[in-house]
Amino acid sequence: GWQYALDHPHEIADKISRELPRTAKIAGGSFAAFNRFQIDGVKELTYYPFVDVGHINPNRWRRMHNMMRNIGIVKNSFDGSEFIFDPVRLRYEKQEKFLRIIKTSLLLIFGVISIVTAWIVSLRKIVRKKTDELRTKSELLQNIVDNSMSLIVAKDMDGKYNLANRLSEKGINYQKGEMIGKTDYDIFPAELANKFRREDQQVIKSRQAIVLEDRLFLENQWRTFVTTKFPLFDKNGKLHIICGMATDITERKLAEDALEESKQRLEVAMSATGLGLWDWDLRTHDFFGDEGWANMLGYTLDEIEQRPD
């Protein structure tokens with residue numbers, strides 16, 4: 001800017017006269033005439049063009065600045081560095097400014113990365129801890145159900161198995177974990193799968209447990225089970241799991257059937273021979289007699305039971 005002003009002094013003097021307010025009266029002339037008069041003074045102060053602008057004595061610029069400030073043309077204080085053109089210094093200052101920006105940006109980026117990294121590390125530790133806890137609980141639950149003598153399964157609302165113990169998988173010749181994700185229709189005949197699904201729907205509808213007696217063909221033989229199906233609810237009270245526990249009562253059922261058959265055979269034999277049977281517990285005084293025994297005494301069993309003696 002100073003280079004252009006020194007090369008076009010009259011243009012700049014007229015511009016100052018038009019655009020800058022006059023703050024002091026000029027004795028013996030106009031403001032415009034005063035500005036044109038200063039053109040020769042500036043030349044004497046700067047020795048331009050014999051001396052380059054960048055090498056002009058800054059004291060001369062200070063004197064000129066003080067003079068213009070006294071008459072109100074400029075208001076700011078003098079800064080000699082602004083008047084001295086030094087390409088090397090300017091390049092250095094630009095580089096320093098750029099480096100400061102880069103350093104500040106890098107520090108900010110590093111700070112943000114450090115905070116995010118610390119947060120991620122902390123989050124990973126929390127997730128790892130929670131995952132380990134869930135895995136431990138899951139393994140504990142699986143170990144418990146695997147060592148149960150009952151068949152234990154759990155299904156979601158779509159009928160997909162999400163838990164099955166060892167005995168359940170062994171009964172249908174499945175490997176460990178092979179039932180998970182499958183439905184009854186993927187495992188059993190359609191008729192049996194429909195039966196299981198109806199039972200599940202009954203639990204869902206009633207939101208209560210049901211107890212059933214089932215005969216299932218497992219491990220190449222028919223087995224009898226007492227099955228309990230019950231709902232599980234989440235913390236909001238929403239039903240989300242159907243559990244089933246089936247206990248094998250085949251041996252007990254066979255024993256009951258054998259006992260009932262023996263009883264029937266004994267009754268037939270005693271009836272055919274005209275024999276009677278009675279039993280008296282001397283400790284409790286409980287007495288039992290059958291119809292054949294009552295007939296041998298000339299009574300019916302009802303008549304004997306009605307007699308106090």
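Residues take their numbers from the sequence shown, with the count starting at 1.
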Trainee: Just wondering, do Glu96 and Tyr92 contact through their side chains at under 4.5 Å, heavy atoms?
Mentor: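 Heavy-atom side-chain distance check passes, below 4.5 Å.
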Trainee: Are any of the side-chain heavy atoms of Gln142 and Lys176 separated by less than 4.5 Å?
Mentor: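 Gln142 reaches Lys176 side chain to side chain.
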Trainee: Is Lys253 close to Thr250 at the side-chain level, that is, under 4.5 Å between some pair of heavy atoms?
Mentor: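 Thr250 vs Lys253: side chains apart.
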Trainee: Can you pull the salt bridge (charged side-chain N to carboxylate O under 4.0 Å, His left out) pairs that have at least one residue in residues 236-247, sequence neighbours excluded?
Mentor: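 Residue pairs with at least one partner in residues 236-247: there are none.
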Trainee: Kindly give the heavy-atom pair with the smallest separation between Ile180 and Leu163, and that separation in Å.
Mentor: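 Closest approach of Ile180 to Leu163, heavy atoms only: CD1-N, 3.6 Å.
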Trainee: Quick one: pull up OG1 in Thr104 and CG in Leu99 and give me the separation to the nearest 0.5 Å.
Mentor: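 So the gap between those two atoms works out to 10.5 Å.
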Trainee: Should we say atom CD of Glu191 is surrounded by more than 12 heavy atoms from elsewhere, each under 6.0 Å from it?
Mentor: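 No, because the 6.0 Å sphere around CD of Glu191 holds 12 heavy atoms or fewer from other groups.
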Trainee: Quick one, Leu239 and Met157 - any side-chain contact, counting heavy atoms below 4.5 Å?
Mentor: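 In contact.
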Trainee: Does some side-chain heavy atom of Met179 sit less than 4.5 Å from a side-chain heavy atom of Lys182?
Mentor: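 Lys182 does not reach Met179 side chain to side chain.
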Trainee: Once you round to the nearest 0.5 Å, how far does CG of Leu123 lie from NZ of Lys125?
Mentor: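 With rounding to 0.5 Å, CG (Leu123) is 12.0 Å from NZ (Lys125).
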Trainee: For Arg252, is there an ion pair with Glu256 - N to carboxylate O distance below 4.0 angstrom?
Mentor: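 Here Glu256 pairs with Arg252 in a salt bridge, since their nearest N and O are under 4.0 Å apart.
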Trainee: Taking all atoms of both residues into account, what is the closest heavy-atom pair of Glu199 and Ile210, and its distance?
Mentor: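 What the structure gives for the nearest pair is O-CD1, 3.8 Å.
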Trainee: Do the non-hydrogen side-chain atoms of Thr227 and Leu151 ever get within less than 4.5 Å of each other?
Mentor: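 The answer is no; the side chains never approach within 4.5 Å.
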Trainee: Grab the two heavy atoms, one from Phe233 and one from Gly237, that are nearest each other, plus how far apart they are.
Mentor: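 The answer is CD2-O, 3.5 Å.
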Trainee: Atom NZ of Lys155 and atom NZ of Lys160: how far apart are they, to the nearest 0.5 Å?
Mentor: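 If I round to the nearest 0.5 Å, the distance is 13.5 Å.
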Trainee: Using modelled atom types and a 3.5 Å cut-off, is there a donor and acceptor pairing between side-chain atoms of Asp214 and backbone atoms of Phe225?
Mentor: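 No, Asp214 side chain to Phe225 backbone: no donor-acceptor pair under 3.5 Å.
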Trainee: Counting heavy atoms not belonging to Lys195, are there more than 12 under 6.0 Å from its NZ?
Mentor: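 Yes, enclosed.
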Trainee: Take atom CD in Gln175; do more than 12 heavy atoms of anything else shown fall under 6.0 Å from it?
Mentor: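 Incorrect, the count does not exceed 12.
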Trainee: Can you name the nearest heavy-atom pair linking Leu167 to Ser148, along with the distance?
Mentor: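 Reported closest heavy-atom pair: CD2-O, 4.1 Å.
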Trainee: Looking only at heavy atoms, what is the nearest atom pair of Asn194 and Tyr185, with distance?
Mentor: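 Here Asn194 and Tyr185 meet closest at OD1-OH, 2.6 Å.
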Trainee: Where is the tightest heavy-atom contact between Thr247 and Ser150, given as atom of each residue plus distance?
Mentor: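 Taking every non-hydrogen atom into account, OG1-OG, 2.9 Å.
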Trainee: With distance as the sole test, does Thr228 use its side chain to make a donor-acceptor pair with the main-chain N or O of Val211 at under 3.5 Å?
Mentor: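 Not a single qualifying donor-acceptor pair exists.
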Trainee: Give a yes or no on whether the backbone of Gly177 and the side-chain of Glu169 come within a donor-acceptor separation of less than 3.5 Å.
Mentor: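 Confirmed, Glu169 side chain pairs with Gly177 backbone.
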Trainee: What verdict does the side-chain contact (heavy atoms from CB on, under 4.5 Å) test give for Arg124 and Val127, after you've listed the backbone C-alpha separation in whole Å, the side-chain angles of each residue and the deciding distance to 0.1 Å?
Mentor: CA-CA 5 Å; Arg124 283 180 176 175; Val127 171; 5.7 Å; no
Trainee: Under the criterion side chain to side chain donor-acceptor pair (under 3.5 Å), which of Thr183, Asp186, Asp184 is the partner of Tyr161?
Mentor: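 Only one option passes, and that is Asp184.
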Trainee: For the side chain of Ser105 and the backbone of Ile101, is there at least one donor-acceptor N/O pair under 3.5 Å apart?
Mentor: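 Flag set: sc Ser105 to bb Ile101 pair under 3.5 Å.
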Trainee: Do Glu139 and Arg135 come within less than 4.5 Å of each other through their side chains, counting heavy atoms only?
Mentor: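 Yes - at least one pair of side-chain heavy atoms lies under 4.5 Å apart.
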